[in-house]
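Below, chain A is the first sequence line, B the second, and so on; all start at residue 1.
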There are 2 protein chains.
Amino acid sequence: MAKFKLDEIDHQILDMLIENTRTPFTDIAKKLLISAGTVHVRVKKMEEAGIIEGSSLTLDYRKLGYSFIAYVGIYLQNTSQTKFVLERINNIPFVTVAHITTGKFNIFCKIRAKDTTHAKDIIFLLDDIEGVYRTETMISLEESINDKKRLMHSIFKDL
Amino acid sequence: MAKFKLDEIDHQILDMLIENTRTPFTDIAKKLLISAGTVHVRVKKMEEAGIIEGSSLTLDYRKLGYSFIAYVGIYLQNTSQTKFVLERINNIPFVTVAHITTGKFNIFCKIRAKDTTHAKDIIFLLDDIEGVYRTETMISLEESINDKKRLMHSIFKDL
DNA sequence: GGTGAAACTTCTAATAA
DNA sequence: TTATTAGAAGTTTCACC
C-alpha cells in the first residue's frame with residue numbers, strides 16, 4: 001500500500017474537514033491564506049488518491065435512547081469457523097464493529113444497545129451462533145477518549 | 001436523556017447523509033419526493049435536538065501507512081487511579097478510543113499504528129504509566145464489520 | 001407540518017499567471 | 001502550484017398552503 005505524502009496545508013485542510021465536513025472551502029482558504037480553488041484541487045487529489053474515503057454524520061445515539069456500549073470477546077470452538085461465524089454476526093443488529101483478532105479471543109466485537117436487558121438479548125444471539133464456544137463481555141462505563149482529530153495529529157507529527 | 005422521535009422520512013434523510021454528508025438536499029428531496037426546504041428544516045431540527053452532533057471525514061489510514069489496529073486491555077493497581085491514568089493515556093498519540101470498563105480490564109483502548117514495532121512503542125508507553133499493573137493486547141487481523149449504516153437501521157427497526 | 005421560488009452562498013472548472 | 005473568475009449548483013428563507 002503506497003504511502004501518500006501530506007504536507008502542512010493538506011493536514012490543515014483535513015483538520016478542518018474532520019471537524020466539520022461542510023466547512024466551506026472559502027472559509028478554509030481564508031484561514032490558510034490560499035484560494036478556494038487551491039483547497040478544491042487539494043481535496044480532490046486526496047479523494048482521488050483514496051485518502052479521503054468519504055464522509056459521515058456523527059450521531060448522538062444516547063439521545064436516541066441507545067446509551068449502552070459493550071465489547072464482546074468471542075472464543076470459537078475452532079478457528080476454521082471464523083468466516084461462518086462472522087457472517088452470522090453480520091446479521092445480528094446492534095453489532096457495530098467486529099475484528100478477527102490474535103490473543104485471547106478469536107473474534108472481538110463492539111455492540112451498542114438501549115440498556116442491559118437489551119444488551120443481554122444481543123449477547124445471547126452471539127452466544128447462540130454455531131461454533132461459538134464462549135463469550136466474554138466488557139461493559140463500557142464511560143467513553144473517555146474518542147477524538148476524531150487525535151489520530152490525524154498523531155500521524156502528522158509522526159511522519 | 002429524552003428520546004427523540006424519528007419518522008421514516010428522518011430515517012431516510014439520515015441514511016443518505018450517513019453515506020455521504022455532502023449529499024445535496026435537492027437530491028435527497030428528489031428521492032423522497034419532498035421539497036429541498038423540507039429536508040433543510042428536518043436536518044436543522046435534528047441538529048438542534050443534538051441528534052446530529054456533527055460530521056466527519058472517513059480517511060483511509062492504511063493509505064497513509066497506518067494499517068495496524070489493536071485493542072489493549074489495561075489492569076490498574078487500584079481503581080482510584082483511573083482518572084489519572086486516563087489523563088496520561090490522553091497524551092499518548094495513536095490511542096484512538098478509551099473506555100472505562102467493567103469485567104476483566106479497568107480501561108480498554110484501541111490503538112492504530114504503522115506496524116508491530118510502532119505498536120510496541122505505543123503499548124510500552126501505556127505499560128509505563130504509573131498505576132498500570134499490566135496490559136493485554138489483542139491484535140486485529142482483519143476488520144470484518146464496520147458499517148456506518150448498520151446501527152441506524154438496527155435502531156430504526158427496533159423503535 | 002409542507003411547498004415553491006427568489007435571494008444568497010458555495011462549488012467547480014477553465015484560464016491565466 | 002496557485003489565483004481569478006464566471007457560470008452552475010446548492011442552501012436558506014419566506015410568503016402561502
Next on the checklist: Per the salt bridge (Lys or Arg N to Asp or Glu O under 4.0 Å) rule, what does the pair list look like for residues 25-39 of chain A, sequence neighbours excluded?
Outcome noted: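 Listed once each, the pairs would be none.
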Next on the checklist: For B:His11 and B:Phe156, I'd like to know if the aromatic rings sit close, meaning centre-to-centre distance below 6.0 Å.
Outcome noted: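 That pair passes the under 6.0 Å test.
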Checklist outcome for this item: Scoring nucleotides 1-17 of chain C by protein non-hydrogen atoms under 4.0 Å (B base, S sugar-phosphate only, - none) yields SSB------SSSS----
Item to check | A:Phe108 and B:Tyr71 aromatic ring geometry - parallel, tilted or perpendicular at 30°/60° bounds | outcome: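 Tilted, since the angle between the ring planes falls between 30° and 60°.
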Checklist entry - So does A:Asp10 pair up with A:Lys45, basic N to acidic O under 4.0 Å? => result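 Salt bridge: no.
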Checklist entry - Hey, are B:Asp127 and B:Arg134 close enough for a salt bridge, meaning a charged N less than 4.0 Å from a carboxylate O? => result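 No salt bridge links B:Asp127 with B:Arg134.
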Next on the checklist: If you count every heavy atom of other residues, nucleotides or ligands that lies below 6.0 Å from B:Glu130 atom CD, does the total exceed 12?
Outcome noted: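 Open.
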Checklist entry - Just wondering, more than 12 heavy atoms not from B:Tyr75 lying within 6.0 Å of its OH? => result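 Enclosed: over 12 neighbouring heavy atoms sit under 6.0 Å from OH of B:Tyr75.
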Next on the checklist: Angle between the two end axes of the helix from C:dG1-D:dC17 to C:dA17-D:dT1, five base pairs per end, rounded to 10 degrees?
Outcome noted: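 Taking five pairs per end, the axes differ by 20°.
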